[in-house]
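Notes follow once the structure below has been shown.
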Amino acid sequence: MADHAELIRGKNVVAVVDFRRASIFPTDSSPGERPEHVVPTDPRGRFHKVNHHAGNPGGIYEADSDEYWEAITEAVAPAGSILLVGHGTGKANATQHWLAHVERLAHVERHRRDVAAKVVADIRADIDELDDRQILRLAQRHFATEDD
């Protein structure tokens, strides 16, 4: 993780976040360069299937893993700017769950304000259908437009 911190320090990064994994890499990555992956620890198997279909008309989701959200926060903290990419809306929106975690820390514990302030956008996409190269291109276009 220390090497990853230096790789993204002060740079524009894209963080693709869902409930099972986050992929984080700088927008100046070379094609084929591997992103940093953050995977939640799951000793009880709760996060393999996040929502319950049977008997769940309201679509209630399991409780979040604060350890997972904090691992993502630590991984993106050295970045200069953060573009979030996730899928889903409402309770299925993992990027919103992560942002809520960071904002709660910033408000209650008075730290992590720096990380929350670095988020420039939260984009919805079908991340299951995008490969790393497509995500990188999306992020590069976003940051290029932002700089204009």
Side-chain angles (χ1 to χ4, degrees), residues 1-5 7-9 11-27 29 31-143 146:
M1 188 83 78
D3 290 336
H4 174 74
L7 180 69
I8 69 168
R9 187 166 310 285
K11 295 183 180 179
N12 295 335
V13 302
V14 59
V16 181
V17 181
D18 69 17
F19 286 99
R20 292 174 187 88
R21 180 166 98 167
S23 300
I24 303 156
F25 46 97
T27 58
S29 294
E33 196 171 320
R34 308 292 292 164
E36 172 77 13
H37 294 289
V38 178
V39 180
T41 57
D42 191 14
R44 289 181 270 156
R46 290 180 9 189
F47 299 111
H48 291 292
K49 186 166 186 173
V50 180
N51 74 336
H52 303 278
H53 294 285
N56 185 23
I60 304 301
Y61 284 76
E62 293 283 351
D64 294 340
S65 166
D66 283 339
E67 294 82 17
Y68 175 49
W69 303 133
E70 186 56 28
I72 295 170
T73 305
E74 289 297 320
V76 298
S81 298
I82 304 163
L83 173 65
L84 295 175
V85 180
H87 57 73
T89 57
K91 294 178 182 178
N93 189 340
T95 58
Q96 290 299 306
H97 284 248
W98 176 74
L99 280 170
H101 171 81
V102 172
E103 289 170 4
R104 184 177 69 243
L105 289 177
H107 179 71
V108 175
E109 299 177 22
R110 304 229 182 265
H111 71 287
R112 294 299 180 208
R113 288 183 182 166
D114 59 326
V115 176
K118 293 177 186 182
V119 175
V120 297
D122 185 6
I123 296 175
R124 299 288 121 252
D126 187 356
I127 60 177
D128 294 332
E129 296 299 319
L130 298 175
D131 62 24
D132 289 346
R133 182 173 293 178
Q134 291 168 316
I135 290 167
L136 183 58
R137 230 178 292 132
L138 173 81
Q140 289 168 337
R141 279 194 308 264
H142 175 82
F143 282 112
E146 187 178 81

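Just so it is clear, the values below take in all heavy atoms, side chains as well, and ignore hydrogens, waters and symmetry mates.
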Is there a side-chain contact between [X] and [Y] in this structure, where contact means two heavy atoms from C-beta onward sitting under 4.5 Å apart?
| X | Y | answer |
| --- | --- | --- |
| Arg104 | Asp66 | yes |
| His101 | Tyr68 | no |
| Phe143 | Val14 | no |
| Arg133 | Leu136 | no |
| Asp122 | Trp98 | no |
| Lys11 | Thr27 | no |

**OP:** With sequence neighbours excluded, tell me which residues meet side-chain contact (heavy atoms from CB on, under 4.5 Å) with Ala100.
**Re:** none
Original post:
Who passes side-chain contact (heavy atoms from CB on, under 4.5 Å) against Ala15, sequence neighbours left out?
Top reply: Val17, Ile24, Val76, Ile82, Leu84
What is the distance from atom [atom1] of [X] to atom [atom2] of [Y], rounded to the nearest 0.5 Å?
| X | Y | atom1 | atom2 | answer |
| --- | --- | --- | --- | --- |
| Phe19 | Thr95 | CZ | OG1 | 8.5 Å |
| Ile123 | Leu83 | CD1 | CG | 4.0 Å |
| His97 | Ile72 | NE2 | CD1 | 11.5 Å |
| Gln134 | Asp131 | CD | CG | 4.0 Å |
| Ser23 | Ile127 | OG | CD1 | 8.0 Å |

Original post:
If you take all heavy atoms of Pro26 and Ile8, which pair is closest and at what distance?
Top reply: CD-CG2, 3.7 Å
Subject >> Sidechain-backbone polar pair: Lys118 side chain, Ala77 backbone, donor-acceptor under 3.5 Å >> reply: yes
Original post:
Can a salt bridge be assigned to the pair Asp126 and Arg124 using a cut-off of 4.0 Å between side-chain N and carboxylate O?
Top reply: no
